[in-house]
A.B. asks: 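Got a structure for you, written out below as structure tokens; questions coming shortly.
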Amino acid sequence: QVRLRLVVSAAALGTMAPDPAPRAGGCALPVGTVVRLHGLKTAATLNGREGTCIGWDEETRRVSVQLESGEVKLIKTSNLWKISAPEKKQAEKPEVGEQAERIKALFRKYDTNGDGVIDQAEFKRFMQALGLEASCLGEFMRAVDRDGDGAVQYEEFVDWVLRDEDGALTAEAAASPGAPAEGQPNSPVLQPSSAFGDQADRVDDSDSDDDNHEEARDLTTDDIKEMCGGLPYGWPANGATVVNNMRRRFPDFPVQRIVTTMKQQSFHGGNVIQAIRRAGSAEVQVMPPSVVTTSKSGRKAFPALYQVRRGDPELKVYEQTAQDFSFRNLKAGRLEHVGTIHPGERFRLLEVRRDNEYGYCFGRVYFGTSAERYHWVNLGKELKLSRSLLGTDLNFVAAERLDPA
């Protein structure tokens, strides 16, 4: 049985400073980060090439990326994937790496869809497997769920906890979770600089037209059937979700091989991740949509009252239990909606999640008679300016906030 010791002060968790580094898909990009270029159009020959982040061009708001050929390109963060470094066991303290892997394996057992995240229900089963009392579940969940979205990215969490010599997180470490561990080389953030401006080629904005990215769309069950000539026996209800999670994490791994690997691993997403890793496929860091918890004023953001602006299109409502549901398919219009909210109609937003790659926001709304059945709408991007008389914070393309932010 793995014993997990966590030493975290509430004060430390409440004072985490935001990482000042530019981000790609929600992942920070310190100097030396290896990235892959993707989604480029007029410079499509650059797609799939890898390079290293060496600077930040403030004028163009782009990252200076030095390719393996030595060329330097100025690339928007939306056209970068952060490459995951291969897992390395600590040579000086191999027992720490072994302990981390045992804990990750326990988490992975409950990650059925392979998104690298376990939700509250899954986390409860994990805690029970550790033999911990249900009475401490809430406190423990608040400690490990650092962004408050009700889910745990377990691999990052385990590395964060076990990175000091005792296997316990100190308050000092908790105050700056993005900092390198003691004894490891520093990884400074990208500093605004024009040092590479004369030698770097700028990739134009047209290359970042995210509305038409094929990679921004998830596959449906019918898509997978067509690509694979059918589905294997025992295909689960969340099969398409597992496939799409693998496609995002391992962009070079063909869909047909993903499906084959799923069958070999009894369709368990967490095990599929490990199997594809063992095959040596390049892996990019994937961040799930971020929960919006507070407004810029520091107030609790949701629930809150909104309305569809008069004269704007109606807002379509989608049920989370629908086949092939994902925020990407919702935005792409690939799902059947179950209702609409009409222009001028008021509704209550219960929570909002923001896509880390393209910035689109999705709101969970109360729709129908049961709050246990989750329904979502596409809010579009957050507006910097708004027609709302109550302020400009937390207003979206598709909906206007009526409660003060």
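As a basis for the values below, the full set of heavy atoms in this structure was taken, side chains included, without hydrogen atoms, waters or symmetry mates. Only a predicted model underlies this, so the values are computations on that prediction, with no experimental measurement involved.
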A.B. asks: Between Lys331 and Asn378 (side chain of the first, backbone of the second, donor and acceptor by atom type, cut-off under 3.5 Å), is there such a pair?
C.D. replies: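 Checking the backbone N and O of Asn378 against the side chain of Lys331, no donor-acceptor pair under 3.5 Å is found.
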A.B. asks: Stepwise, does the side-chain contact (heavy atoms from CB on, under 4.5 Å) test hold for Leu74 with Val63?
C.D. replies: CA-CA 5 Å; Leu74 296 178; Val63 177; over 6 Å; no
A.B. asks: Does Gly270 offer a backbone N or O that forms a donor-acceptor pair with the side chain of His268 under 3.5 Å?
C.D. replies: yes
A.B. asks: Out of curiosity, Ile276 CD1 to Met262 CE, how far, rounded to the nearest 0.5 Å?
C.D. replies: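 Ile276 CD1 to Met262 CE: 9.5 Å, rounded to 0.5 Å.
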A.B. asks: Would you say that Lys300 contacts Thr294 through its side chain, given a criterion of any heavy-atom pair below 4.5 Å between the two side chains?
C.D. replies: no
A.B. asks: On a heavy-atom basis, which atom in Ala275 and which in Gln265 lie closest, and how many Å separate them?
C.D. replies: CB-NE2, 3.8 Å
A.B. asks: Does Arg277 offer a backbone N or O that forms a donor-acceptor pair with the side chain of Ser281 under 3.5 Å?
C.D. replies: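 Side chain of Ser281 to backbone of Arg277, a donor-acceptor pair under 3.5 Å: no, none is there.
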A.B. asks: For the pair Arg108 and Glu101, find out whether any cationic side-chain nitrogen is under 4.0 Å from an anionic carboxylate oxygen.
C.D. replies: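 Between Glu101 and Arg108 there is a salt bridge, with a charged N closer than 4.0 Å to a carboxylate O.
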A.B. asks: Tell me whether the guanidinium CZ or amine NZ of Arg364 lies under 6.0 angstrom from the six-membered ring centre of Tyr374 and within 45° of its axis.
C.D. replies: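 Checked: cation-pi criterion met.
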A.B. asks: For Val397, is there any backbone N or O sitting under 3.5 Å from a side-chain donor or acceptor partner on Arg309?
C.D. replies: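 Yes, the answer is positive, given that a donor and an acceptor are paired below the 3.5 Å cut-off.
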A.B. asks: Which atoms form the tightest heavy-atom contact between Ala301 and Ala304, and what is the distance?
C.D. replies: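 Scanning both residues, the minimum pair turns out to be O-CB, 3.6 Å.
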A.B. asks: Heavy-atom count check: over 12 atoms from other residues, nucleotides or ligands less than 6.0 Å from Glu345 CD?
C.D. replies: yes
A.B. asks: Verify, without hydrogens or angle tests, whether Arg62 (side chain) and Thr60 (backbone) share a donor-acceptor contact under 3.5 angstrom.
C.D. replies: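 It does hold such a pair.
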A.B. asks: Is it the case that Gln320 and Trp376 place a side-chain donor and acceptor less than 3.5 Å from each other?
C.D. replies: yes
A.B. asks: Got Leu315 and Thr340 here, is their nearest side-chain heavy-atom distance under 4.5 Å?
C.D. replies: no
A.B. asks: In the structure I gave you, are the side-chain heavy atoms of Arg354 and Phe362 within less than 4.5 Å of one another anywhere?
C.D. replies: no
A.B. asks: Does the distance from a Lys or Arg side-chain N to an Asp or Glu carboxylate O, for Asp201 and Lys73, drop under 4.0 Å?
C.D. replies: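 Lys73 and Asp201: salt-bridged.
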A.B. asks: Under the 3.5 angstrom rule, does the side chain of Gln285 hit a backbone N or O of Cys27 as a donor-acceptor pair?
C.D. replies: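 Such a contact is absent between Gln285 side chain and Cys27 backbone.
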A.B. asks: Calculate, to the nearest 0.5 Å, the distance between atoms CG and CD belonging to Leu67 and Glu50 respectively.
C.D. replies: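 Reported to 0.5 Å precision, the distance equals 10.5 Å.
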A.B. asks: If we only count heavy atoms from C-beta on, is the Thr52 to Thr33 side-chain gap below 4.5 Å?
C.D. replies: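 Thr52 vs Thr33: side chains apart.
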A.B. asks: Going by an N to O cut-off under 4.0 Å, is there a salt bridge joining Lys104 and Asp111?
C.D. replies: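 Asp111 and Lys104: not salt-bridged.
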A.B. asks: Below 4.5 Å, heavy atoms only, C-beta onward: do Asn79 and Lys41 meet side chain to side chain?
C.D. replies: no
A.B. asks: First locate atom OH of Tyr358, then atom NZ of Lys381, and finally report the distance between them rounded to the nearest 0.5 Å.
C.D. replies: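 Tyr358 atom OH to Lys381 atom NZ measures 10.5 Å (nearest 0.5 Å).
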A.B. asks: Ring-plane angle category for Phe267 and Trp235, please: parallel below 30°, perpendicular beyond 60°, tilted otherwise.
C.D. replies: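 Answer is perpendicular, since the angle exceeds 60°.
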A.B. asks: Looking at Ala399 and Phe347, what are the two nearest heavy atoms and their distance?
C.D. replies: CB-CZ, 3.8 Å
A.B. asks: Applying side-chain contact (heavy atoms from CB on, under 4.5 Å) to Ile83 and Val35, what does each step give before you reach the verdict?
C.D. replies: CA-CA 5 Å; Ile83 298 294; Val35 292; 5.6 Å; no
A.B. asks: Would you please test Leu383 and Phe396 for side-chain contact (heavy atoms from CB on, under 4.5 Å) and show each step?
C.D. replies: CA-CA 5 Å; Leu383 295 177; Phe396 305 95; 5.7 Å; no
A.B. asks: How far does CZ of Arg299 sit from CG of Asp403, to the nearest 0.5 angstrom?
C.D. replies: 10.0 Å
A.B. asks: Could you tell me whether the side chains of Arg401 and Tyr306 share a donor-acceptor contact shorter than 3.5 Å?
C.D. replies: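 Tyr306 and Arg401 do have a side-chain donor-acceptor pair below 3.5 Å.
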A.B. asks: Identify the heavy atoms of Leu40 and Leu46 that sit nearest to each other, and give their distance.
C.D. replies: CD1-CB, 3.7 Å
A.B. asks: Might you work through the salt bridge (Lys or Arg N to Asp or Glu O under 4.0 Å) test for Glu357 and Arg328, ending with a clear yes or no?
C.D. replies: CA-CA 11 Å; Glu357 195 157 4; Arg328 289 187 173 193; 3.1 Å; yes
A.B. asks: Testing the 3.5 Å rule here: is there a donor-acceptor pair between the side chains of Ser290 and Asn356?
C.D. replies: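 Side-chain D/A pair, Ser290 to Asn356: present.
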A.B. asks: Taking the side chain as C-beta and beyond, is there a heavy-atom pair between Phe253 and Thr261 under 4.5 Å?
C.D. replies: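 SC-SC contact between Phe253 and Thr261 confirmed.
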A.B. asks: Taking Asp355 for the side chain and Tyr360 for the main chain, is one N or O donor matched with an acceptor at less than 3.5 Å?
C.D. replies: no
A.B. asks: Would you say Asp115's side chain and Asn245's backbone share a donor-acceptor pair under 3.5 angstrom?
C.D. replies: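 Judged by distance alone, no pair lies under 3.5 Å.
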A.B. asks: For a 4.5 angstrom cut-off between non-hydrogen side-chain atoms, does Leu349 reach Val352?
C.D. replies: yes
A.B. asks: Under the side-chain contact (heavy atoms from CB on, under 4.5 Å) rule, what do Ile258 and Arg247 come out as? Steps first, then yes or no, please.
C.D. replies: CA-CA 8 Å; Ile258 292 175; Arg247 289 177 66 232; 3.9 Å; yes
A.B. asks: When rounded to the nearest 0.5 angstrom, what is the spacing between NZ in Lys109 and CG in Asn271?
C.D. replies: 10.5 Å
A.B. asks: Roughly how far apart are Ile54 CD1 and Gln66 CD, rounded to 0.5 Å?
C.D. replies: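 Here the interatomic distance stands at 4.5 Å.
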A.B. asks: Can you see which heavy atom on Ala240 is nearest to which on Ile224, and at what distance?
C.D. replies: CA-CD1, 3.8 Å
A.B. asks: So Glu68 and Arg49, salt bridge (Lys or Arg N to Asp or Glu O under 4.0 Å) or not? Walk me through it.
C.D. replies: CA-CA 8 Å; Glu68 294 173 338; Arg49 296 182 65 179; over 6 Å; no
A.B. asks: Quick one: does any side-chain atom of Asn329 pair with a main-chain N or O of Arg334 as donor and acceptor, under 3.5 Å?
C.D. replies: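 Checked: no pair found.
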A.B. asks: Check this for me: does any side-chain nitrogen of one of Lys316 and Glu314 sit under 4.0 Å from a carboxylate oxygen of the other?
C.D. replies: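 Salt bridge flag = no for Glu314 with Lys316.
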A.B. asks: Contact between Asp393 and Glu382 at the side-chain level, heavy atoms closer than 4.5 Å - yes or no?
C.D. replies: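 Yes. Closest side-chain heavy atoms under 4.5 Å.
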A.B. asks: Can you name the closest pair of heavy atoms from Gly48 and Arg36 and give their distance?
C.D. replies: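 Between these two residues, the closest heavy atoms are O-NE, 3.9 Å.
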A.B. asks: Quick one: does any side-chain atom of His337 pair with a main-chain N or O of Leu335 as donor and acceptor, under 3.5 Å?
C.D. replies: no
A.B. asks: Give a yes-or-no answer on whether the side chains of Asp324 and Thr221 include a donor-acceptor pair shorter than 3.5 Å.
C.D. replies: yes
A.B. asks: Are side-chain N/O atoms of Asp218 and Ser326 paired as donor and acceptor at under 3.5 Å?
C.D. replies: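 On atom types as modelled, these side chains qualify, holding a pair under 3.5 Å.
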